[in-house]
Protein chains: 4
Amino acid sequence: MKKEKSETKAAARIRAQKERVLAAAQACFVERGFHAASMATIASTARMSPGLIYRYFENKNAIILAIIEQQLTVARQRIRQLQSAENLSKRIFDYLDEKEPEDEKSISIPLYLEISAQATRDPQIAEALRRYDVTVRSELGDWLRRGRGDGGCGLPDDDVAERALMLLCLIEGLKLRAPRSPALDPRKLRKILDELLETLVSGPV
Amino acid sequence: MKKEKSETKAAARIRAQKERVLAAAQACFVERGFHAASMATIASTARMSPGLIYRYFENKNAIILAIIEQQLTVARQRIRQLQSAENLSKRIFDYLDEKEPEDEKSISIPLYLEISAQATRDPQIAEALRRYDVTVRSELGDWLRRGRGDGGCGLPDDDVAERALMLLCLIEGLKLRAPRSPALDPRKLRKILDELLETLVSGPV
Amino acid sequence: MKKEKSETKAAARIRAQKERVLAAAQACFVERGFHAASMATIASTARMSPGLIYRYFENKNAIILAIIEQQLTVARQRIRQLQSAENLSKRIFDYLDEKEPEDEKSISIPLYLEISAQATRDPQIAEALRRYDVTVRSELGDWLRRGRGDGGCGLPDDDVAERALMLLCLIEGLKLRAPRSPALDPRKLRKILDELLETLVSGPV
Amino acid sequence: MKKEKSETKAAARIRAQKERVLAAAQACFVERGFHAASMATIASTARMSPGLIYRYFENKNAIILAIIEQQLTVARQRIRQLQSAENLSKRIFDYLDEKEPEDEKSISIPLYLEISAQATRDPQIAEALRRYDVTVRSELGDWLRRGRGDGGCGLPDDDVAERALMLLCLIEGLKLRAPRSPALDPRKLRKILDELLETLVSGPV
DNA sequence: CATGAATGAGGATTCATTCAT
DNA sequence: GATGAATGAATCCTCATTCAT
């Protein structure tokens, strides 16, 4: 009994420490990129010694893996908060402008890109990223499928996965490119996005 | 006369050497990533000494810049070969499946991503990438604007730039994610893409 | 208490390590020159890894800076031990023959020269060297000014700085050139030096 | 006959080429220092190819040797132009202010220092520098010895060499340190220099 | 003679990882 | 558990020198 309790305590501590590392690593990766963020920087951001990190993560790559895993939760939450299709484009634009409350926890697009790039080399990361994509798409799909009464879109099961993918392309593509395209008119952008979402979400005629 | 000829020869050699470096660098970057590909690796891939690369490029970053610049030509060619909107989705799918002839010269999406990630840190690369994006969007925009008789889409000038951006998001988003989503049905994907392109390209009613 | 003590220990270690590096660097610089002495050589002379040096000094230049700074103390000590003007020329000759106890800590003239040469290129080193010169001249000046009863020379304030400079030119010039002039007669040299010092130190008539 | 003449021509060409290299090298060394001046820079300053330099000098060190040798002539000239002791301090101050016509051909003090530093390592350079010093001192000595009627100082043979050394220390020491001591008053400096020169040059009482 | 492209060893510096305390 | 000093391999880049043309 006593032992069990102390093990539980120990386990809790381990989880807490891991999270401390992950939070610090994410902050560093976002700010400086995966390669530019050194273990020393991460350690000092997490206010621990470099050596201690290795008690919780085998190496730097393992940290990335854990971060991807963590993002699953964040992304799921975001999607679950989607309500009716009506305010979808507003939500997307808020996301582009980083007005969403979850954004502080979520990885930035540059980091996502760097991870994607890394994935083409490291199979473990590729696998983690694939699982991430699958989950996000399936959550998005669920929302498309869900009845309109339940805050969903009421699309037939048939091609929901494919529509979810398109939706993702639009959202993440805009997130990546919008900051590089300051000359574009947000209102026109939104009007066209509305047309596309209409096409995408109202289903086949 | 003699001098002129020899100068031409020298210039040709320089161009050839630069291309040798660029080809080797592109191969290494694609295979191993920007950071993991060392100058030594690039040099040995190009079958030259490390020092020689610096005769043609000031530093490693300059190689990335040159690669981006080179992509402008490839991307432009690809867009110029766009004909009527009818076969657009076919062209896109050929591009996803890498059946296009230009693909061997074109950078892979992972490399594009890594460059994008690098751009958030290096202002020179950011600028080059911005120019790349602007050019591609403007070429796409030209095509959207051009008369249907000329193999274009005949869209009014008004929001062509914004539509071009959306088009880009869809194409590049699919190029990135499709390989990670083997379970999706290409025919359904194409049907939905057709609907979206129809919305995007047929213009406001 | 415990913490305080351990902090003191840490600080002591840092100082000790820095001194280890400085001693090794000084030896290497003297033996091989600033440029020819590689960080690897310095490291192995100090019996540490190259990387460790960078924990204590930002870069190679910082080592030179620290060496100059260190010389301030040595030079000051040497000047403070100056007593009456009578035995000045003896002290100088002892210095030329390296019979002074501080000499093991003091930089050699070649190193001083190389540092001087480096100063014409690196502004930081120039500044450090200027401070060094100013301090040495001002200490020498203090001695010239101090009353004869206090072991000084009792010169009027008026042109003490200029006299100190001349004194320095003679001392360091001899230190540099004497070893290259073995044919010269030390006794005659000393006699003339005495005359010059007399002129310099007894002040305006 | 013909052959002799062409050999003479060839020899002249070789000398001309060597001088071209030396002039370029000296300019580069003065501006950037011995180590920072690359053979490529020297070559392009001399408007020849790097490879060609090696036809005339075995390596970079040989260039330094030749420069020292060359300085003998310049220094000799300068000393020979010394007239009576009266205007000596004026000449020295002109030299400090670089108003002398020979200065463009003469090596700068930083370069002299760097060479001196190098001399403590490279015996060939040490030997060349020693010869340089001996020559300069002996020329200065000749001047001190020469009769006052001949524009000399009329000192007795006895300790002329030692006096010449002291003179050199003062001149070169000032040349080195004056630029680092802007706060000093040139008039006072000159007054004291005059006193010292008086002591040095008027001989034993 | 002359070129300048090519070499490759060697330079300073960084950083993931380990391990004595 | 926790530290952070220490390691040393690896990185980018430079440059004296050579040699095919």
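Letters go in sequence order (proteins before strands), and every chain restarts at 1. Both backbone and side-chain heavy atoms feed into the values below; hydrogens, waters and symmetry mates do not. Predicted, not measured: the structure shown is a model, and the values here were computed from it.
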Interatomic distance where [atom1] belongs to [X] and [atom2] belongs to [N] [whole Å]:
X: A:E58; N: E:dT18; atom1: CD; atom2: P; result: 9 Å
X: A:R47; N: F:dG4; atom1: CZ; atom2: P; result: 13 Å
X: D:R32; N: F:dT14; atom1: CZ; atom2: P; result: 12 Å
X: D:K18; N: E:dC1; atom1: NZ; atom2: P; result: 12 Å
X: D:I53; N: E:dT3; atom1: CD1; atom2: C1'; result: 12 Å
X: C:M39; N: F:dT7; atom1: CE; atom2: P; result: 14 Å
X: A:L52; N: E:dT18; atom1: CG; atom2: C1'; result: 14 Å
X: B:N59; N: F:dT11; atom1: CG; atom2: C1'; result: 13 Å

Just by modelled atom types, is the B:Y112 backbone N or O under 3.5 Å from a matching donor or acceptor in the B:S116 side chain?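 Yes; at least one donor-acceptor contact below 3.5 Å.
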
[X] side chain near [N] phosphate (N/O to OP1/OP2, under 4.0 Å):
X: D:S49; N: E:dG4; value: no
X: A:R55; N: F:dG1; value: yes
X: A:Q17; N: F:dA2; value: yes

Considering only [options], which nucleotide approaches the side chain of [X] most closely?
X: C:P50; options: E:dT7, E:dT13, F:dA6; answer: E:dT13
X: C:K60; options: E:dA12, F:dA6, F:dA2; answer: E:dA12
X: C:S38; options: E:dA12, F:dT3, F:dA2; answer: E:dA12
X: C:Y54; options: E:dT14, F:dA2, F:dC12; answer: E:dT14
X: A:R13; options: E:dA6, F:dG1, E:dA2; answer: F:dG1

When you match C:A40 and B:I14 each to their closest nucleotide on DNA chain E, which lands nearer the 5' end?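 Looking at the nearest nucleotide for each, B:I14 comes out on the 5' side.
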
Upstream residue (5' side of DNA chain E) when C:G51 and C:T41 are each assigned their closest nucleotide: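 Nearest nucleotide further toward 5': that of C:T41.
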
Within a 6.0 Å radius of atom CZ on B:R20, are there more than 12 heavy atoms belonging to other residues, nucleotides or ligands?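 Atom CZ in B:R20 is packed in, count exceeds 12.
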
For a quick test of reading the model, state the closest non-hydrogen atom pair linking D:L65 to D:Q124 and the distance between them.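 That closest heavy-atom pairing would be CD2-O, 3.5 Å.
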
Measure across C:I68 and C:A128 and return the closest heavy-atom pair with its distance rounded to 0.1 Å.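 Here C:I68 and C:A128 meet closest at CG2-O, 3.8 Å.
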
Using a heavy-atom cut-off of under 4.0 Å over every strand shown, decide if [X] touches base, sugar-phosphate, or nothing.
X: B:A36; answer: nothing
X: A:Y56; answer: sugar-phosphate
X: C:A43; answer: nothing

Counterpart base for E:dA20, defined by Watson-Crick or G-U wobble contacts under 3.5 Å: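 Base-paired to F:dT3.
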
Please report the distance separating the P of F:dT21 from the corresponding atom of E:dC1, rounded so that it comes out in whole Å.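 Approximately 22 Å lies between the P atom of F:dT21 and that of E:dC1.
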
Within 45 degrees of the axis of the six-membered ring of D:Y54 and under 6.0 Å from its centre: does D:K60 put its NZ or CZ there?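 Not flagged: D:K60 not positioned over aromatic ring of D:Y54.
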
Is there side-chain contact between C:F34 and C:N61, with at least one heavy-atom pair below 4.5 Å?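 Of all side-chain heavy-atom pairs linking C:N61 with C:F34, at least one is under 4.5 Å.
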
